[in-house]
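First up is the structure itself, then whatever we jot down about it.
Quantities reported herein were computed from a predicted structural model and do not represent experimental measurements. Atom set for the values below is all heavy atoms of this structure, side chains included, hydrogens, waters and symmetry mates excluded.
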Amino acid sequence: MKKSVTAGIDIGGTKIALALENPAGERVASRRVPTQADLGPDRVLSNIHRALEEMLAETQTEPVAVGLVSPGPIDIERGLVLSPTNLPNWDEFPIVELVEKKLGVPVIFDNDANAAALGEYFEGAGRGFRDIFYVTISTGIGGAIILDGQLYHGVGAGAGEFGHSIVDPDGIICGCGTRGCLETIASGRNIARRTREKLARSDGNSLICQLVAGPDEITTQAVVEAVRANDPVATEVWNETVFYLAVGIGNAITILAPEAVVIGGGVTAVGDLLFEPLGKQITKNVNNAPIEKIKILKASLGSQSGVFGALRMARQGLQKRGVHFDANRIIGV
């Protein structure tokens with residue numbers, strides 16, 4: 001008889017992370033496969049199913065529930081992926097219906113930031129806290145709110161869209177249609193864009209010009225390298241980035257007063273170059289919450305936070321249905 005597992009699936013723009021977990025909460029298999037998003041949603045779904053089938057066969061297991069994670073925007077109630085910028089042609093794609101039909105088990109669906117927050121809350125930097133605010137700074141910027149161990153989704157599951165909080169009303173138009181969102185300034189994509197714009201207005205002597213083949217090749221990593229070498233253009237961009245992140249996070253702290261703010265995403269790999277000035281600036285911005293009692297922490301699970309969260313979603317989904325499972329079967333409570 002095959003043993004029961006929960007499955008976690010985290011769909012990213014370039015990679016899909018999958019994992020299986022036994023009833024004891026132990027990881028029994030993990031895999032990362034290319035998303036191949038440019039080939040459309042049907043190919044992505046095929047990649048997921050093939051990898052999952054191989055993992056189940058290798059471990060002689062069968063799934064009882066799946067936690068499924070996708071970039072937003074999504075419609076949780078209808079199980080749809082709407083139109084993420086890094087998943088082209090996913091326009092109201094009914095991913096939950098299709099996965100449930102294929103596997104014959106319940107699928108619990110959420111966006112990537114919420115799942116990453118759950119992963120960090122239960123397995124990472126957020127362990128031991130009651131309430132956290134999670135921020136991810138990567139190609140885009142996302143956020144999530146966990147209160148008493150539960151994700152706060154808000155009306156229409158719209159809570160936590162931190163990257164689309166307005167910090168510069170006179171700024172550029174965001175992809176969401178609003179002007180001056182935090183994402184238009186402090187995301188990895190826009191750190192690079194702002195650097196290109198500043199270089200175009202400078203004398204061209206910036207170190208960044210020596211680090212990349214041309215303006216289109218500028219990355220956050222190149223900007224950071226130039227900051228560490230005290231390049232004035234890169235330093236100006238970085239200081240502005242920290243300033244606006246501190247505005248956004250400070251506002252969130254003032255509203256929520258969480259026990260901890262956990263910050264993840266690729267941009268946080270720079271470590272103290274971000275966290276030291278960011279912490280100081282946040283402290284200056286927050287006056288109506290006890291900032292000395294609120295921890296500003298770097299996420300600890302790296303690229304695994306989403307799949308950890310997806311596994312947690314699957315287990316919680318069974319619990320909400322009044323079901324628990326042992327190694328060989330599921331049991332109704």
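In this structure, the side chain of E217 does not engage the main chain of V212 through any donor-acceptor pair within 3.5 Å. Of the possible donor and acceptor atoms, one in the side chain of T59 sits under 3.5 Å from a partner among the backbone N and O of M55. Formation of a donor-acceptor pair under 3.5 Å by the N111 side chain with backbone atoms of G72 is not found in this model.
A salt bridge links K198 with E240: the closest approach of a Lys/Arg side-chain nitrogen to an acidic carboxylate oxygen falls below 4.0 angstrom. A salt bridge is defined here as a Lys NZ or Arg NE, NH1 or NH2 lying under 4.0 Å from an Asp or Glu carboxylate O, and E123 with R127 fails to meet this definition.
Residue Q221 places its CD atom among 12 or fewer non-hydrogen atoms of other residues, nucleotides or ligands, all under 6.0 Å distant. Around atom OH of Y152, no more than 12 heavy atoms belonging to other residues, nucleotides or ligands sit under 6.0 Å away. The environment of E54 atom CD is dense: over 12 non-hydrogen atoms of other residues, nucleotides or ligands sit within 6.0 angstrom. Atom CD of E97 has 12 or fewer heavy atoms from other residues, nucleotides or ligands within 6.0 Å.
In this structure, I166 is not a member of the same hydrophobic cluster as Y244, with clusters built from ILVMFWY side-chain heavy atoms closer than 4.5 Å. Note on L103 and V44: same hydrophobic cluster, where clusters join Ile, Leu, Val, Met, Phe, Trp and Tyr whose side-chain heavy atoms are under 4.5 Å apart, directly or indirectly. Two different hydrophobic clusters hold I108 and V96 under the rule that ILVMFWY side chains link at heavy-atom gaps under 4.5 Å.
Closest approach of A260 to L297, counting heavy atoms only: CB-CD1, 4.2 Å. Between A116 and Y134, the shortest heavy-atom distance links the atoms CB-OH, 3.5 Å. Residues V64 and P106 approach most closely at O-CD, 3.5 Å, considering heavy atoms.
A cation-pi contact, defined as under 6.0 Å to the ring centre and within 45° of the axis, links R27 to F308.
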Chi angles and distances behind the salt bridge (charged side-chain N to carboxylate O under 4.0 Å, His left out) call for E197, R193: CA-CA 6 Å; E197 292 174 355; R193 174 192 59 79; 2.9 Å; yes
M313 and N114: CA distance, side-chain angles, deciding distance, side chain to side chain contact (heavy atoms under 4.5 Å, CB included) verdict: CA-CA 10 Å; M313 286 161 46; N114 283 345; over 6 Å; no
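You'll find the side chain of D91 reaches within 4.5 Å of the side chain of S83, heavy atoms only. Between I11 and L68, some side-chain heavy-atom pair lies under the 4.5 Å cut-off. Looking at heavy atoms from C-beta onward, L199 lies in side-chain contact with C209 at the 4.5 angstrom threshold. Residues L18 and V33 meet the side-chain proximity criterion, which asks for heavy atoms closer than 4.5 Å. The side-chain heavy atoms of R179 and P169, taken from C-beta on, include no pair separated by under 4.5 Å. The shortest side-chain heavy-atom distance between F109 and V81 falls under the 4.5 Å cut-off. Residues V247 and Q281 are not in side-chain contact: their nearest non-hydrogen atoms beyond the backbone lie 4.5 Å or more apart. You'll find the side chain of D42 reaches within 4.5 Å of the side chain of F93, heavy atoms only.
For the side-chain contact (heavy atoms from CB on, under 4.5 Å) test with L278, the passing option among D272, I263, T283 is I263; the others fail. With L274 as the partner, the side-chain contact (heavy atoms from CB on, under 4.5 Å) test is satisfied by one option alone out of T268, T241, V224: T268.
T254 and N288 share no donor-acceptor pair across their side chains, judged by distance under 3.5 Å alone.
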